[in-house]
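Counting starts at 1 for both ligands and their atoms, in listed order. Keep in mind it's a predicted model, so treat the numbers as computed, not measured. As a basis for the values below, the full set of heavy atoms in this structure was taken, side chains included, without hydrogen atoms, waters or symmetry mates.
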Amino acid sequence: MPPYMQDVSDAGKGFSEGWSVTNSVNTELYIGGYGKGNTKWKNRLAYEAGMSAKDTDYMHIVNWKAAEKLFKAGKYRKVNGHALIPMEEMIAANALFLLPEAKSPHGADVSPDGRYVIVSGKLDTHTTVYDFKKIFSLVEKKDFAGKDPWGIPILDMKKAIHTQVNVGLGPLHTQYDSVKGVVYTSLYVDSMVVRWDYLKGKVLNKIPIHYNIGHLLTAEGDTVEPDGKYLIALNKLAIDRFTPIGPLHPQNHQLIDITAGRPMQLLYDMPLPLGEPHYAQMIKADKLKPVVRFAKKSFPDYVKAGKERVERNGNQVTIHSTAIRSHFSPEVIEVKVGDEITWHITNVERAQDQVHGFAVDSYNVHGSLEPGETATFKFVADKEGVYPFYCTEFCSALHLEMTGYLLVKP
Ligand SMILES: [Cu+2]
């Protein structure tokens with residue numbers, strides 16, 4: 001890649017399978033220098049201005065199937081253990097192109113059928129819908145508008161566009177609905193979500209968000225078959241939603257009903273102890289097939305209930321323990337000063353989500369054991385005395401009683 005600042009990417013699918021797009025900023029190659037105290041320059045523009053000098057930056061378009069052929073032909077070199085195909089090889093193989101996009105772009109989101117990619121430039125009120133059919137045609141005909149300083153072909157922006165839509169201030173990311181043509185774009189400056197039609201090129205309606213929205217998601221919105229119905233605004237910077245409790249205000253997400261045929265409706269503010277996650281997915285719950293407990297075979301030192309024991313070999317002491325509500329077994333363990341302890345503990349709970357903790361605090365031994373998990377702690381018992389060990393997860397009504405003693409004898 002050329003030395004621009006590459007930002008968000010999306011993979012092609014369906015029509016654009018095997019291709020990817022990556023946004024970039026600072027195609028100006030600006031190197032800063034604003035403010036007093038600069039040792040090199042005076043009176044330079046700040047990065048934010050110097051990086052936004054040109055009206056457009058470059059979307060990087062990569063043909064991964066062509067890259068795969070180059071890799072198989074050995075046209076790469078190893079950098080830190082990774083195969084790196086040099087830019088010249090990619091250019092020669094017609095595998096890397098640039099396409100102008102509105103400056104300081106953020107989201108690049110490929111449509112469910114892979115035919116289009118929607119790009120929003122934060123400093124442009126328009127979102128741009130590019131048509132891969134047009135892009136591939138330009139690539140095929142080698143209809144280029146020029147080359148960048150590294151010799152990468154630049155496609156003609158106007159010839160690659162399906163439509164541009166004036167959606168509002170500060171458009172960022174776009175997510176797809178189950179309804180054909182309908183998409184949702186976050187508007188950072190307006191604090192809104194705009195619902196619009198990228199095929200017909202028109203705005204449908206908007207809903208205010210009570211925070212500065214960044215990313216957003218729709219149910220299965222990044223897949224070839226979005227589910228619609230719900231959207232979550234992933235927010236930062238509460239505007240006026242809460243009584244201020246200090247310099248940092250709470251940051252919540254908002255769940256929005258996007259059922260087709262009626263205005264979008266705010267359903268719920270969702271408290272999360274962190275600001276806007278960058279990308280998140282909403283999927284149907286029945287797609288999750290979680291394990292209930294770890295398999296024995298995952299842990300060679302698994303301790304079977306009833307087979308708990310303490311083994312000594314010289315000054316090497318191996319403790320095989322189990323944990324289940326609300327006791328450790330064994331509960332009292334005697335060792336000698338200087339013994340090297342290897343302590344295996346298996347959580348033998350059959351109940352779902354029944355976690356236990358383990359601590360020998362004086363020896364700075366701490367752990368957490370999920371159902372079926374075996375953990376191993378190693379330390380030298382170098383201080384004589386009576387040291388309690390105990391569960392550190394509030395596991396049951398008798399959690400406080402889930403304790404034992406390590407006796408270190410002189
Ligand atoms: Cu416990």
Side-chain angles (χ1 to χ4, degrees), residues 250-253 270-275 277 280-281 283 285-410:
Q251 303 178 74
N252 279 14
H253 301 171
M270 190 189 311
L272 281 180
L274 76 169
Q281 302 292 334
I283 65 167
D286 60 13
K287 286 187 172 145
L288 295 172
K289 308 271 188 256
V291 294
V292 173
R293 67 188 65 81
F294 285 103
K296 286 178 199 172
K297 62 172 187 275
S298 311
F299 301 100
D301 296 311
Y302 172 85
V303 183
K304 197 165 185 269
K307 300 285 183 192
E308 298 88 351
R309 63 204 182 275
V310 178
E311 292 168 341
R312 173 177 288 280
N313 180 8
N315 70 336
Q316 314 265 322
V317 176
T318 305
I319 305 165
H320 304 264
S321 291
T322 57
I324 191 166
R325 279 159 299 162
S326 296
H327 55 268
F328 291 103
S329 178
E331 280 186 341
V332 178
I333 296 162
E334 287 186 33
V335 298
K336 288 185 226 148
V337 170
D339 281 348
E340 292 174 14
I341 312 291
T342 301
W343 198 329
H344 305 299
I345 307 179
T346 299
N347 177 343
V348 292
E349 292 282 357
R350 304 299 297 164
Q352 193 161 319
D353 194 33
Q354 191 63 60
V355 178
H356 292 288
F358 175 69
V360 193
D361 192 53
S362 307
Y363 278 100
N364 197 25
V365 167
H366 294 270
S368 175
L369 302 155
E370 292 168 25
E373 185 176 6
T374 299
T376 297
F377 306 91
K378 293 189 178 192
F379 60 97
V380 178
D382 53 6
K383 298 167 280 196
E384 66 177 73
V386 175
Y387 300 103
F389 59 87
Y390 44 87
C391 177
T392 52
E393 176 81 24
F394 202 110
C395 58
S396 68
L398 296 176
H399 159 70
L400 279 177
E401 288 80 351
M402 190 164 174
T403 185
Y405 287 104
L406 174 70
L407 311 178
V408 183
K409 306 206 303 192

Quiz prompt | Considering all heavy atoms, the nearest Tyr363-Val380 contact | solution = CE2-O, 3.3 Å

Exercise. Taking only Lys NZ, Arg NE, NH1 and NH2, and the carboxylate oxygens of Asp or Glu, determine whether Glu334 and Lys409 approach each other closer than 4.0 Å.
Key: yes

Quiz item: Got more than 12 heavy atoms from elsewhere within 6.0 Å of NZ, Lys383?
Solution: yes

Quiz item: Would you say Lys378 has more than 12 foreign heavy atoms packed within less than 6.0 Å of its NZ?
Solution: no

Quiz item: Would you find more than 12 non-hydrogen atoms of other residues, nucleotides or ligands less than 6.0 Å from Glu311 atom CD?
Solution: yes

Exercise. Give me the protein N, O or S atoms that fall under 2.8 Å of the Cu ion (ligand 1), sorted by chain and residue number.
Key: His356 ND1, Cys391 SG, Cys395 SG, Met402 SD

Self-check item: Side-chain H-bond candidate by donor/acceptor type, Glu401 with Ser326, under 3.5 Å
Solution: no

